[in-house]
There are 2 protein chains.
Amino acid sequence: MNILLKYMSDFTLLSEEEQRAISESLRIDEYKKGKCLLRQGEVSAIKCYFVLKGCVRQFFIDESGKEVTSNFFMEEQAIPIINEQTQRDVSKYSFVCVEDCLLVVGDADSEKTMYHNYPQLETMVRKMMEINLDEMQEQYREFINSTPEERYTSVLRKRPHLIDRIPQHQLASYLGITPESLSRIKKRMKKTN
Amino acid sequence: MNILLKYMSDFTLLSEEEQRAISESLRIDEYKKGKCLLRQGEVSAIKCYFVLKGCVRQFFIDESGKEVTSNFFMEEQAIPIINEQTQRDVSKYSFVCVEDCLLVVGDADSEKTMYHNYPQLETMVRKMMEINLDEMQEQYREFINSTPEERYTSVLRKRPHLIDRIPQHQLASYLGITPESLSRIKKRMKKTN
DNA sequence: ACTTTTCATTGACTTATGTTAATTCTTTGA
DNA sequence: TCAAAGAATTAACATAAGTCAATGAAAAGT
């Protein structure tokens, strides 16, 4: 739980008591490795998750039937599932636990109530969204301006644990390349060293 | 102004009077084509803009001196400039008006006051952020999973006006390719038709 | 422990992009 | 109006990624 309290105190001015009260009214669930949180094409009652422990993969199957990994969420990251616009739509993505996970579960129903009881919580969420957006933008800009090889080295640098925690072909699709190409990149880099 | 009122009524339950009151306390500025709103490496007092009319280009100069366009913001789009985390940092991007613009200017100082006076405004902003994030994610996922040619056709479909309003080489860098490559793609596509 | 399946690597080949450079076309400003 | 600068196109060549196919390694299930 420390991780959550730490997060809250970084982003709010809530008292310790309020923080504890909030923590206690949150739903926190454990999921086994391989558990599917939401399947592409289904409608979700869950608004978001917050990763306390473990790793969740976000991916989708494209028109040609290929599986494309769009993100990995790990400790201290928020997983946006639906928003005001998309809550009635079927999900474009699947979310699956790559490891055993401990997640805060944010369901859409209790959201309003929580914000009403703790207005500062909405401020926190807004700031989180701003930061998420910024990170996403950063990631995008780097992706645009990089070769696959540079993208790979960038991930090595920024998320060094990732490479140990997930299989190669998923990393490849996360980088937007084929597993074969990732294999060759690694080979090429070993030689240059 | 209609565009702003429309936006507010889509995202809030504010009364018309409140909406008008908010509109009137907003700062709205005109900028000439070519005007630089913020230069890469400078610190900004502005938190964000909201485009009522015109087009703003976001870009940066990378390590090798190459100019990379990361986005174009047009009517009804919000331009996030800084957030809680980045407000003391120098900007990684430059923002320049590609056309004459009419923009709502959101400065960091008045933000808190506004949220305090109109709590629903923060709700609106939070929802906007959620939607922005979703769009950004969608754009990213499409980018990863596409060839340059597919990226081009996708932009043609999704932002048909864009191609008429900006020069080719900026579009090319927005697509993450060279101007030469974009030229060849267009040529190839003409033949196939 | 062994079989089966899935995953990672390697090779051969095709193709699209990056790079460099030259040429044509457009815009801008004197 | 014309000259100069900036953009877009085209060509030639090198390189790296995609595809298809085969092999080798690891993981999973019996």
Side-chain angles (χ1 to χ4, degrees), chain A residues 32-36 55 57 59 61-69 72 96-100 142-156 162-193, chain B residues 32-36 55 57 59 61-69 72 96-100 142-156 162-193:
Chain A
K32 285 278 165 208
K33 172 177 174 177
K35 169 70 183 177
C36 182
C55 178
R57 182 168 75 105
F59 66 93
I61 312 290
D62 74 6
E63 320 75 48
S64 71
K66 194 177 57 173
E67 188 178 296
V68 181
T69 298
F72 294 98
V96 171
C97 297
V98 178
E99 305 172 344
D100 290 351
E142 206 178 295
F143 196 93
I144 281 188
N145 196 38
S146 301
T147 61
E149 178 162 344
E150 288 164 344
R151 256 132 64 189
Y152 175 65
T153 58
S154 163
V155 168
L156 280 186
L162 191 60
I163 196 178
D164 307 321
R165 291 167 72 171
I166 59 157
Q168 297 287 314
H169 65 284
Q170 287 177 10
L171 179 63
S173 90
Y174 176 64
L175 294 171
I177 57 179
T178 59
E180 293 93 329
S181 207
L182 177 56
S183 206
R184 280 181 295 220
I185 287 171
K186 293 198 296 180
K187 196 180 179 184
R188 221 159 44 212
M189 286 173 55
K190 276 193 176 177
K191 283 194 175 173
T192 319
N193 297 354
Chain B
K32 286 276 165 209
K33 172 178 175 175
K35 169 70 183 177
C36 182
C55 179
R57 182 169 75 105
F59 67 93
I61 312 290
D62 74 6
E63 320 75 48
S64 70
K66 195 178 57 173
E67 188 178 295
V68 181
T69 299
F72 294 98
V96 172
C97 297
V98 179
E99 305 171 343
D100 291 351
E142 206 178 294
F143 195 93
I144 281 190
N145 197 38
S146 301
T147 62
E149 178 162 343
E150 289 163 345
R151 257 132 62 189
Y152 174 65
T153 57
S154 163
V155 168
L156 279 187
L162 190 61
I163 196 176
D164 307 320
R165 290 166 73 171
I166 58 157
Q168 296 287 315
H169 66 282
Q170 286 177 11
L171 179 63
S173 91
Y174 175 63
L175 294 171
I177 58 178
T178 59
E180 293 90 335
S181 206
L182 177 55
S183 206
R184 278 182 298 218
I185 288 171
K186 292 199 296 180
K187 195 182 180 184
R188 220 160 43 210
M189 285 174 56
K190 276 193 176 176
K191 284 195 175 175
T192 319
N193 294 356

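Order of the sequence lines sets the chain letters (A, B, ...), proteins ahead of strands, with each chain counted from 1.
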- Task: Could you tell me the separation between the CD1 atom of A:Ile163 and the P atom of C:dA8, rounded to a whole number of Å?
- Result: 11 Å
- Message: What's the angle between the local helix axes at either end of the helix from C:dA1-D:dT30 to C:dA30-D:dT1, using five pairs per end and rounding to 10 degrees?
- Response: 50°
- Message: So, OP1 or OP2 of D:dA8: does either fall under 4.0 Å of a side-chain N or O from B:Ser183?
- Response: no
- With a non-hydrogen cut-off below 4.0 angstrom, is A:Ile177 in contact with a base, only sugar-phosphate, or nothing? sugar-phosphate
- Ranking D:dA11, D:dG18, C:dA8 by distance to the side chain of A:Pro167, first place goes to C:dA8
- What integer distance in Å separates A:His169:NE2 from D:dA27:P? 13 Å
- Note on the structure: In short, A:Thr153 meets A:Glu150 closest at the heavy-atom pair OG1-O, 2.8 Å
- Query: When you look at B:Ser181 and B:Arg184, which way does the side-chain contact (heavy atoms from CB on, under 4.5 Å) test go after all the steps?
  - Reply: CA-CA 5 Å; B:Ser181 206; B:Arg184 278 182 298 218; 4.0 Å; yes
- Is the side chain of A:Asp100 donor-acceptor paired with the backbone N or O of A:Lys32 at a distance under 3.5 Å, no angle test? no
- Think A:Arg184 has a side-chain N or O under 4.0 angstrom from the OP1 or OP2 of C:dA12? no
- Taking it one step at a time, do A:Tyr174 and A:Val155 satisfy side-chain contact (heavy atoms from CB on, under 4.5 Å)? CA-CA 10 Å; A:Tyr174 176 64; A:Val155 168; 4.1 Å; yes
- Task: Mind calculating the distance between CG (A:Asn145) and C1' (C:dT17) to the nearest angstrom?
- Result: 15 Å
- With respect to the phosphate group of C:dG18, does any side-chain polar atom (N or O) of B:Lys66 fall under 4.0 Å of OP1 or OP2? no
- Return the minimal non-hydrogen interatomic distance between A:Ser173 and A:Thr69, and the atom names on each side. OG-N, 2.8 Å
- Is there a donor-acceptor pair under 3.5 Å between the side chain of A:Arg57 and the backbone N or O of A:Val98? no
- Considering only C:dT17, C:dT9, D:dG18, which nucleotide approaches the side chain of B:Ile185 most closely? C:dT17
- Between atom CD in A:Glu149 and atom P in C:dT17, what is the gap in whole Å? 19 Å
- Item | Gap between atoms CE and P, on B:Met189 and C:dT17 respectively (whole Å) | 12 Å
- Could you give the CD-to-C1' distance, from A:Glu180 to D:dT23, as a whole number of Å? 13 Å
- Message: Measure CG/A:Leu175 against P/D:dA17 and give the value in whole Å, please.
- Response: 11 Å
- Starting from C1' on C:dT10, measure out to CG on A:Leu182 and report it in whole angstrom. 14 Å
- Can a side chain N or O of B:Lys187 be found less than 4.0 Å away from OP1 or OP2 on D:dA11? yes
- Where is the tightest heavy-atom contact between A:Val96 and A:Gly34, given as atom of each residue plus distance? CG1-O, 3.8 Å
- Task: Tell me whether the OP1 or OP2 atom of C:dT10 has a side-chain N or O from A:Arg188 closer than 4.0 Å.
- Result: no
- Query: Taking only N and O in the side chain of A:Thr178, is any of them less than 4.0 Å away from OP1 or OP2 of D:dG18?
  - Reply: yes
